[in-house]
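Scroll down for the structure; my scribbles are underneath it.
What you see is a predicted model, and the numbers here were worked out from it, not measured in a lab. Throughout, protein chains are lettered first and strands after them, A, B, ... in sequence-line order, and every chain is numbered starting at 1.
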Protein chains: 2
Amino acid sequence: MVKAGKEDSTRDKILDAARKVMTRKGLAGARMQDIADEAGINKALVHYYFRNKESLFELIFKEAFILLIPKINEIFKGSSVDFFDKIRAFTEAYIEMALKNPFIPMFVLNEVNTNPDAFNNGLLTQLKNLPFNEFYKEIDSAVQKKLIRPIHPPQLMMHILGMCVFPFLAKPMFKKFLNLNDKEFTTLLEMRKVEVADFVIQSLKI
Amino acid sequence: MVKAGKEDSTRDKILDAARKVMTRKGLAGARMQDIADEAGINKALVHYYFRNKESLFELIFKEAFILLIPKINEIFKGSSVDFFDKIRAFTEAYIEMALKNPFIPMFVLNEVNTNPDAFNNGLLTQLKNLPFNEFYKEIDSAVQKKLIRPIHPPQLMMHILGMCVFPFLAKPMFKKFLNLNDKEFTTLLEMRKVEVADFVIQSLKI
DNA sequence: GTCTATAGTTAGATAGAC
DNA sequence: GTCTATCTAACTATAGAC
């Protein structure tokens, strides 16, 4: 039975364990057995609570990603806010989310690449909640007002997402290259919250 | 027996088939059976020529990636060449390689994330052939000469790689979002050869 | 060199006792 | 709800005939 008290329910223990294992081993590397071990329970129990691996991971993803949507929406709502400030807020929110849930970028990538149907029905619906169209309009409008130089909105979107996401995807590679430990690399990622925004703004301004 | 003539040897047929399947289904999705079918031969033959899946794919990767190394090296050799031209040449060469071998980015990512040991022993050695240190020195030197604003070289490296690589990784997602077919999206990627360089240069110049 | 048949391996999923 | 034991599916890899 699920209690309201401080004791974690088994269900929550499994969710915590799954998040940990996914963060450590990535989506594909996360075994149901690993999750059960990490939670200190039996593998069958994981299936008892979450029908199968896919629905477990989809739930975890939604819980993490759903928090991002209102933030991003809020950022692009106020049409009075400075365009550059919106870019700052965006990279901040996005990298913050990825720092808290390092498995998300690879999760999305995997869903997109290996399971196009599931992606179209599930993830895509989530992602469509993000106001990309608002962002595109903002860009065009900023170009009109001569606030920024002309740029193709989708290209800019790819620039920004690439800079935000890629370091999380290629973390082990960069760590090796730069000869950094986990903490040092995280610091580098923290800095990117403003670093990326600065880079973009510097490039766009006339 | 391997002939010098125009007839593809079985070995070459397998390599071609593997490249095709990998490009279509990604590394993880590429089955030995798929490769055998594509090559029009038996699955056992794939094992006969290439001991196992891993060594087959490592070979394919090396063949594709090895071509990039001399190019990148050449770019960073001439110290007389304009710094911005080097950036242009780099994005050009990198995106060109990825366009020809779309499976490479995901391949590298997978190796790095799921198989750290294999990465350290194989792939990393290849990647270390890329003159990143040269590039870092160039950046610092360009800053000294007031050609560009101050920037942390590793951050810039992450910016550039992210912008070059990410669209290939997230191709199905972007296609959906932007509502483009394969050809249209490839055109977008083609444009990024100069688009990314322009974006970087615009951001760096004083 | 090439094939058929089969062994081996790894995980996800389920049945059924407690 | 929780466990042990087992089934099944999907692949990789090998043995052995031709």
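Under the 4.0 Å criterion applied to side-chain N and carboxylate O atoms, A/E38 and A/R24 are assigned as salt-bridge partners. Between B/K43 and B/D37, none of the side-chain N atoms (NZ, or NE/NH1/NH2) sits under 4.0 Å from a carboxylate O, so this pair counts as no salt bridge.
Regarding contacts with the backbone of C/dA13, a side-chain N or O of A/H47 is found under 4.0 angstrom from either OP1 or OP2. Note on A/Y49: a side-chain N or O is less than 4.0 Å away from OP1 or OP2 of D/dG1. For the OP1/OP2 pair of C/dT10 and a distance below 4.0 Å, the side-chain nitrogens and oxygens of A/R31 include no atom meeting the criterion.
A donor-acceptor pair is defined here as one N or O able to donate and one able to accept, closer than 3.5 Å; no such pair exists between the side chain of B/R31 and the backbone of B/V21. Checking side-chain atoms of B/R192 against main-chain N and O of B/T91 turns up no donor-acceptor pair under 3.5 Å.
B/N52 comes within 4.0 angstrom of sugar-phosphate atoms only, judged by non-hydrogen atoms across all strands, and of no base.
Rounded to whole angstrom, the span from the CD1 atom of A/I14 across to the C1' atom of D/dC3 amounts to 13 Å. Here the P atom of nucleotide D/dC11 and the CD atom of B/E54 are 18 Å apart, to the nearest Å. Rounded to a whole Å, the CE atom of A/M32 is 10 Å from the C1' atom of C/dA11. Whole-Å rounding puts the B/D37 CG to C/dC3 P distance at 11 Å. In this structure, CG of A/D34 is placed 12 Å from C1' of C/dT10, rounded to the nearest angstrom. One atom, CZ of A/R51, and another, P of C/dG12, lie 15 Å apart when rounded to the nearest Å. Following rounding to the nearest Å, B/R11 (CZ) and C/dT2 (C1') show an atom-to-atom distance of 17 Å. Going from atom CD1 of B/I41 over to atom P of C/dT4 covers 11 Å, rounded to whole Å.
Nearest-nucleotide positions on DNA chain C for B/K43 and B/T10 put B/T10 closer to the 5' end. Residue A/Y48 is the one, among A/Y48 and A/A44, whose nearest nucleotide of DNA chain D lies closer to the 5' end (criterion: closest heavy atom).
Checking A/E195, A/K193, A/M191 one by one against A/I95, the side chain to side chain contact (heavy atoms under 4.5 Å, CB included) holds for a single residue, A/K193.
Each end of the helix from C/dG1-D/dC18 to C/dC18-D/dG1 gets its own axis, taken as the rotation carrying the C1' atoms of four end pairs onto the next four within a five-pair window, and the two axes meet at 10° to the nearest 10 degrees.
Of all non-hydrogen atoms in A/D182 and A/K175, the two that sit nearest each other are OD1-NZ, 2.6 Å.
Here the side chain of B/L45 is nearest to one of C/dT2, D/dT12, C/dA13, namely C/dT2.
For B/F107 and B/F103, the gap between ring centers reaches or exceeds 6.0 Å.
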